[in-house]
Chemist: 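First the structure, which I've put down as structure tokens, then a few questions once you've had a look.
This is a predicted model, so every value here is computed, not measured. So you know, we letter chains A, B, ... as the sequences are listed, proteins then strands, and number each from 1.
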4 protein chains.
Amino acid sequence: MSAASTLLERYQDTRDLTEALAEPLSPEDQTVQSMPDVSPTKWHRAHTSWFFETFLLRPGLPGYRDYHPDFAYLFNSYYEAAGPRYMRSERGCVSRPGCAEVAEYRGHVDAAMQAYISAGLDEPAAALVELGIHHEQQHQELLLMDIKHVLSKSPLHPAYRPRSARPEVAGGGSAVGDRASPADWVKHDGGLVEVGRHGSGFAYDNEGPRHAVHLAPFAVADRLVTCGEWLAFIDAGGYREPSLWLSDGWSKVREADWTAPLYWELTDDGWSVFTLAGRRPVDPAEPVCHISYYEADAFAAWAGARLPTEFEWEAVAGSWPVAGQLEAPDRVHPEPQVGPALLGEAWAWTSSAYLPYPGFRPAPGAVGEYNGKFMVNQQVLRGGSRATPPGHIRSTYRNFFPAAARWPFTGLRLARDI
Amino acid sequence: MSAASTLLERYQDTRDLTEALAEPLSPEDQTVQSMPDVSPTKWHRAHTSWFFETFLLRPGLPGYRDYHPDFAYLFNSYYEAAGPRYMRSERGCVSRPGCAEVAEYRGHVDAAMQAYISAGLDEPAAALVELGIHHEQQHQELLLMDIKHVLSKSPLHPAYRPRSARPEVAGGGSAVGDRASPADWVKHDGGLVEVGRHGSGFAYDNEGPRHAVHLAPFAVADRLVTCGEWLAFIDAGGYREPSLWLSDGWSKVREADWTAPLYWELTDDGWSVFTLAGRRPVDPAEPVCHISYYEADAFAAWAGARLPTEFEWEAVAGSWPVAGQLEAPDRVHPEPQVGPALLGEAWAWTSSAYLPYPGFRPAPGAVGEYNGKFMVNQQVLRGGSRATPPGHIRSTYRNFFPAAARWPFTGLRLARDI
Amino acid sequence: MSAASTLLERYQDTRDLTEALAEPLSPEDQTVQSMPDVSPTKWHRAHTSWFFETFLLRPGLPGYRDYHPDFAYLFNSYYEAAGPRYMRSERGCVSRPGCAEVAEYRGHVDAAMQAYISAGLDEPAAALVELGIHHEQQHQELLLMDIKHVLSKSPLHPAYRPRSARPEVAGGGSAVGDRASPADWVKHDGGLVEVGRHGSGFAYDNEGPRHAVHLAPFAVADRLVTCGEWLAFIDAGGYREPSLWLSDGWSKVREADWTAPLYWELTDDGWSVFTLAGRRPVDPAEPVCHISYYEADAFAAWAGARLPTEFEWEAVAGSWPVAGQLEAPDRVHPEPQVGPALLGEAWAWTSSAYLPYPGFRPAPGAVGEYNGKFMVNQQVLRGGSRATPPGHIRSTYRNFFPAAARWPFTGLRLARDI
Amino acid sequence: MSAASTLLERYQDTRDLTEALAEPLSPEDQTVQSMPDVSPTKWHRAHTSWFFETFLLRPGLPGYRDYHPDFAYLFNSYYEAAGPRYMRSERGCVSRPGCAEVAEYRGHVDAAMQAYISAGLDEPAAALVELGIHHEQQHQELLLMDIKHVLSKSPLHPAYRPRSARPEVAGGGSAVGDRASPADWVKHDGGLVEVGRHGSGFAYDNEGPRHAVHLAPFAVADRLVTCGEWLAFIDAGGYREPSLWLSDGWSKVREADWTAPLYWELTDDGWSVFTLAGRRPVDPAEPVCHISYYEADAFAAWAGARLPTEFEWEAVAGSWPVAGQLEAPDRVHPEPQVGPALLGEAWAWTSSAYLPYPGFRPAPGAVGEYNGKFMVNQQVLRGGSRATPPGHIRSTYRNFFPAAARWPFTGLRLARDI
């Protein structure tokens with residue numbers, strides 16, 4: 001198969017997965033913005049198309065006609081160099097274009113992209129298409145994070161889609177039983193290690209340049225912290241003890257009245273959790289999910305441990321296998337870990353602020369805004385979640401969110417000095 | 001026809017009109033809350049059903065089964081005595097129930113109401129049904145106000161529905177020509193006049209008790225202020241001259257950067273206005289619409305006049321004919337006035353604060369919250385707009401909004417001492 | 001004594017009283033702005049001087065030299081026509097000029113005013129001086145309201161000045177005993193009554209024109225509501241029962257967590273109240289003070305009564321004697337009423353919104369901003385408090401504050417239909 | 001001299017310097033809190049005393065009597081473990097205790113501390129006294145930062161104290177002339193370097209543990225960026241070009257309307273700057289001061305360079321001489337650099353987030369809150385300013401502020417890869 005046809009196939013597969021993820025959602029679901037951080041589903045579907053239109057079709061496909069003159073304004077997310085944009089916090093105020101028109105827009109862009117890719121691309125253009133594909137994949141996880149928040153707002157506790165039966169665990173091990181035991185520690189002697197992008201596969205600019213960092217000896221837990229452990233933290237008064245918390249974290253706890261992870265609710269029947277498959281009891285064996293950096297840090301302090309740096313994490317995670325991903329989109333909630341350390345149950349907060357690697361330079365032009373301009377006031381997360389698309393889980397991948405964010409699929413993994 | 005069948009017919013006509021008003025709107029349109037004051041269309045459709053369910057069916061129809069246990073919470077607007085309620089400002093965060101389920105809910109309530117009404121009602125129950133009908137009619141105008149605000153948020157300037165051709169004007173008078181001339185004044189000698197509800201027709205509790213007020217001699221303009229006059233106010237720097245404004249009004253002008261009525265926009269082609277039939281040039285002969293009390297008051301000061309009190313208005317408006325109403329829902333924008341003083345082009349701000357009439361007592365129980373508890377920090381409006389349903393325009397009717405509100409169909413009519 | 005020397009004497013007496021009120025306050029006390037509504041004492045001292053400088057000396061005294069070129073900007077309160085002004089909410093950010101320089105400024109203005117007044121004034125100028133004197137008297141009460149709020153912020157509960165011994169009550173009646181009995185009602189037959197300024201004494205523009213209003217028969221309580229009655233309201237759950245409250249009031253109660261009047265605190269020893277003489281136990285016989293309109297209205301609803309309109313109040317209060325006023329500035333807290341109905345213990349909220357009287361026109365120019373531009377979103381208070389200067393208590397006087405204000409010396413008097 | 005008498009002398013010198021810094025300030029000046037980040041001078045004077053009272057005298061001096069029972073509450077800054085505290089944003093609402101009482105409080109604490117220290121201290125107690133001294137020194141710089149912001153709020157532009165004549169420059173070099181030339185670069189080969197506290201001198205806990213970091217080759221400018229260079233950035237449209245800015249920075253620029261460093265003002269006579277010696281023209285040869293991290297980062301991007309990491313800075317700054325410090329408190333504004341690279345003109349923003357060093361553990365108890373709990377959402381600054389007390393400038397010292405802070409004495413020094 002030619003490079004063009006491979007690329008085209010990957011392009012179309014990605015586009016199709018986005019539509020498949022939106023498929024269970026009504027037009028009403030796809031319209032709502034439940035908080036300023038959340039974007040409506042139909043906005044995600046349109047914005048990912050805007051990316052291809054703006055960075056490839058308009059400049060690169062002779063005779064390309066914009067689908068609609070106002071969409072450049074309406075579906076720009078944050079690219080200053082691509083012109084003005086509609087206010088992010090008001091995305092949920094726009095009912096039109098509706099879902100049907102967005103579908104048409106996607107079709108219009110897809111047809112043009114097929115022509116564009118099939119004609120053969122030079123290397124910079126192919127790299128931009130590749131970036132557009134990965135961009136859309138990122139939005140697939142955002143779409144799931146966001147729609148979960150939207151659905152959680154309805155007192156009806158609606159399910160995005162029911163959960164499929166759990167696949168047989170090879171070897172027959174009982175997941176819960178295995179992992180009720182304390183975590184084991186993966187030890188590392190420290191010293192000079194190389195971190196960052198390497199090899200020829202795709203990686204974002206923020207994963208490089210590869211460089212050496214010096215680490216002290218340390219250990220990282222071989223699994224994520226579980227809901228059972230989190231319940232112990234709650235029962236021990238963790239949310240009421242200021243000495244465990246960063247100052248900003250404690251302010252947030254009091255202001256937002258946090259007493260448990262996002263989506264947890266305490267009823268007469270105990271703690272339940274809202275998932276994309278509906279509300280159900282908290283499973284103590286599952287990794288805890290939807291916690292802020294502040295909560296992760298406080299938990300680690302309470303546990304007599306700490307969070308790993310992103311480099312410690314990367315130094316040990318290179319060989320870990322990947323949990324089942326978005327290929328099975330009906331099981332996006334983290335599941336009890338069976339077997340060895342895994343990537344891909346829930347994103348793990350690290351103690352590293354999101355900063356450029358030595359020698360990092362953003363690309364010129366609007367695509368240079370992709371990552372670099374967010375490098376302040378954010379923490380790095382590593383690993384990936386069950387809602388992360390295949391190909392977005394690798395040991396050098398750097399996800400990032402502000403310390404108070406709870407609506408991503410965030411968990412934690414402990415570390416300690418040795 | 002029996003009283004029950006008359007009431008039932010009126011009930012069903014009202015319910016049908018609500019659905020007809022929602023009919024041009026997509027599920028996406030019906031979901032959006034574009035600011036805290038606005039409610040989604042599907043919320044209006046559900047809340048008006050909740051009113052019948054809560055105040056009539058649940059207490060009064062033996063064996064009535066609530067459509068859904070959570071709807072009592074979800075669709076309560078402001079009735080404290082009816083239990084807790086979902087936060088008003090978050091109505092746009094709820095995607096489910098969607099439009100289809102809301103339609104089912106309406107059908108469920110309608111079927112029960114038919115049974116309930118057909119069985120024959122005592123007088124208090126019939127009065128409550130009547131109140132529910134008028135309540136739903138009020139929400140018909142709110143629905144139109146709200147969806148206009150929603151649609152205005154899209155850069156696509158979508159039309160709710162195209163405007164039908166203007167009906168022939170009897171006598172063939174040219175509207176614009178007639179009304180480019182200055183307003184005439186309807187004079188009144190003042191003295192003791194009776195105001196407030198009278199006769200046997202329906203009126204809200206806040207329209208009574210009927211009582212005497214003493215007026216000084218005064219005059220009220222025989223038409224609403226036009227867009228042409230408003231353009232002169234703008235051109236004269238009205239929005240930049242603090243001496244014309246109430247102190248709170250001037251603060252608002254600077255904070256919100258008001259330079260024209262809501263929905264007006266200045267482009268290279270001059271002033272345009274967004275209407276439910278789309279964006280079009282401002283017509284100088286039309287009554288100005290979508291202004292706040294602050295703007296109305298400042299305009300009156302600039303014009304060397306003042307706003308009428310609600311009693312002055314009522315004293316002269318008793319015999320005025322009513323403009324075409326919501327029966328023609330494709331013409332809800334105010335139109336150039338032809339002929340004598342009219343009710344029903346746009347609500348006229350009065351200088352009266354919304355306060356109880358002497359001897360007013362709210363009804364006991366939750367329906368007593370209908371009007372009385374809003375009697376502070378609001379101004380009275382009189383007259384009605386083209387979006388006001390038939391039966392909601394009468395000379396004793398008291399509409400009310402906070403002084404900064406601009407999204408209702410609000411205009412002004414000048415008054416002066418004589 | 002000539003008119004000029006009488007006016008000069010009254011001018012200087014007023015100026016001296018302001019300084020006497022500030023005298024117990026340290027420079028630190030005089031600098032603080034404890035909330036946006038409050039102004040620092042030294043600001044009051046300077047602003048009242050600015051009034052004379054701006055409206056009389058600069059335009060009217062040949063050769064007058066401004067004390068400081070920046071003071072016109074710094075000490076303008078809200079007069080748009082007098083030029084730009086420092087933001088109100090930031091008055092507490094300005095440490096300089098300090099108290100000593102403000103005293104110098106006052107001396108500079110006083111010397112010039114002596115020359116100006118002594119030279120003889122035409123009638124408009126004399127009227128402006130009169131207005132300036134009344135303006136400064138209004139600020140004397142504001143100064144006391146404001147400094148009370150400032151001092152209440154210190155955990156040390158400092159006293160402004162200790163309370164002097166209570167004067168002998170003529171006739172030896174026991175105040176508390178007398179007034180533990182229920183209030184009596186002062187009845188009025190209603191009908192047409194004249195309200196508003198009359199005679200030749202000073203009155204603000206907002207007190208006129210005198211005009212007729214028509215009243216239904218009514219009764220007003222012969223005393224203010226007491227703390228004892230308020231305690232019963234608290235004990236009955238008045239602050240927790242939404243059906244008693246206006247909608248805006250209930251929102252405020254929940255948002256601000258009101259459970260008692262401002263300055264009340266519940267300790268192990270029962271309710272105490274912070275006064276300008278320090279903190280002491282609540283006296284059940286005293287009029288309740290420092291309540292919002294919302295609370296007054298809710299109390300009246302709970303008591304099966306209502307608040308009087310400002311015209312009802314005026315119709316009965318004409319002949320009432322005045323309680324001891326600011327002449328004894330060490331007793332500014334309301335005291336148990338002895339004997340007949342009184343003006344001047346605490347301002348009484350009325351159910352009337354603050355609106356212009358028929359025929360009211362603000363004076364041209366900046367002084368026209370004195371009253372008229374506040375005529376929206378405020379409620380009228382009548383009567384006066386112990387902190388009101390002599391000459392500011394009369395039956396036509398209209399004080400006004402927003403419905404949520406609690407830091408003025410506000411109480412309530414019940415009314416009912418008969 | 002004995003260890004106790006040396007410590008006592010250093011204690012008293014520090015306490016005296018605080019009072020000397022407050023001496024030019026009136027009671028009014030010392031009371032104002034001009035924004036939530038700022039504390040009143042008298043609060044700084046009291047809080048530094050509270051530190052000794054809380055951590056040393058109350059637990060350690062037998063028979064010690066608190067000066068006032070409410071001060072523990074009133075003057076706690078952020079120590080959760082030391083009990084509840086007055087809200088930071090309301091410090092400017094408290095007029096009492098006033099300056100005189102605060103002086104008494106300081107005397108009370110000083111007398112007790114003299115007794116306490118003279119009696120001889122064990123090593124942990126001596127270390128706590130040492131921490132208290134350094135704590136007070138930190139507040140000396142905060143006091144100057146804060147009072148500068150307070151004084152800047154007055155339109156009178158008052159001076160804290162006039163600037164003394166500039167000391168003779170050894171060698172007679174012309175400062176401005178020398179430094180109009182471009183900066184030179186101090187180069188470093190990179191590799192493994194040791195960073196963090198070492199030796200026996202005092203250092204904060206956050207400066208350790210000492211550890212190895214690996215650096216790529218780099219260069220750091222031998223001087224801070226000057227006002228002349230900043231003017232060029234302004235003239236080139238730096239504040240209007242989004243591509244230069246971090247995303248959060250650009251939001252802040254637009255929201256706060258930043259067009260120049262804090263305290264700069266453009267008048268008809270060009271740019272002036274408010275200093276503690278009053279307002280004067282911007283000197284192009286001086287280091288720029290009072291810029292946020294966002295501005296520093298944008299400037300570096302515009303200059304084709306970047307900010308150094310805190311480790312790069314530390315690796316080269318070890319041998320730099322220190323500029324004149326707070327010993328001459330009448331010259332706290334940064335001055336044109338003469339001669340080689342210096343510490344101590346203005347704090348230099350680094351690109352490093354404020355994070356714990358490997359192996360860092362906060363001390364147990366309330367003093368453990370000194371540094372550790374702020375390790376999120378802040379950037380590290382290195383170097384020190386002219387307002388930094390002697391002994392607070394060293395190459396391992398880590399200062400930190402949020403990225404938007406501009407009221408500290410902040411500047412920048414460029415770096416680049418080589």
Chemist: Determine the option with the most heavy-atom pairs under 4.5 angstrom with chain C, choosing from B:P358, B:A216, B:A212.
Modeler: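 Of the options given, most contacts go to B:A212.
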
Chemist: In terms of heavy-atom proximity below 4.5 Å to chain C, should B:Q379 be classed as side chain, backbone, both, or neither?
Modeler: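 The side chain, not the backbone.
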
Chemist: More than 12 heavy atoms of other residues, nucleotides or ligands under 6.0 Å from CZ of B:R240: is that the case?
Modeler: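 No, not enclosed.
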
Chemist: Identify which part of B:R416 has an atom lying under 4.5 Å from any heavy atom of chain C, answering side chain, backbone, both or neither.
Modeler: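 For B:R416, neither part sits under 4.5 Å from chain C.
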
Chemist: For chain C, which of B:R361, B:E312, B:E241, B:Q378 has the most heavy-atom pairs under 4.5 Å?
Modeler: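 Most pairs with chain C among the choices: B:R361.
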
Chemist: Looking at chain C, which one of B:T309, B:D297, B:L192 has the largest number of heavy-atom pairs inside 4.5 Å, strictly under?
Modeler: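 Highest number of heavy-atom pairs under 4.5 Å: B:L192.
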
Chemist: Where does C:W250 contact chain B at under 4.5 Å (heavy atoms): side chain, backbone, both or neither?
Modeler: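 The side chain, not the backbone.
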
Chemist: Is chain B contacted by the side chain of C:F218, its backbone, both, or neither, given a heavy-atom distance below 4.5 Å?
Modeler: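 When you check distances to chain B, no heavy atom of C:F218 falls under 4.5 Å.
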
Chemist: C:Y293 versus chain B, heavy atoms under 4.5 Å apart: side chain, backbone, both or neither?
Modeler: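 The side chain, not the backbone.
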
Chemist: Non-hydrogen atoms of chain B under 4.5 Å away: do they reach the side chain of C:L215, the backbone, both or neither?
Modeler: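 Neither part.
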
Chemist: Taking all non-hydrogen atoms of both residues, which atom of B:S351 and which atom of C:L355 are closest, and how far apart?
Modeler: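 Of all heavy-atom pairs spanning B:S351 and C:L355, the closest is O-CD2, 3.5 Å.
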
Chemist: Locate the shortest heavy-atom distance separating B:G372 from C:L246; write the atom from each residue and the value.
Modeler: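 Result for this residue pair: O-CD2, 3.8 Å.
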
Chemist: Search all heavy atoms of B:E80 against all heavy atoms of C:R254 and return the closest pair with its distance.
Modeler: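 In terms of heavy atoms, the two residues are closest at OE2-NH2, 4.2 Å.
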
Chemist: Would you mind telling me which of B:S243, B:S352, B:G359 has the largest number of heavy-atom pairs within less than 4.5 Å of chain C?
Modeler: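 Answer, by heavy-atom pair count under 4.5 Å with chain C: B:G359.
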
Chemist: Side chain from CB out, backbone as N, CA, C, O: work out which of these in B:Y78 comes under 4.5 Å of a heavy atom of chain C, or both, or neither.
Modeler: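 Looking at B:Y78, nothing touches chain C.
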
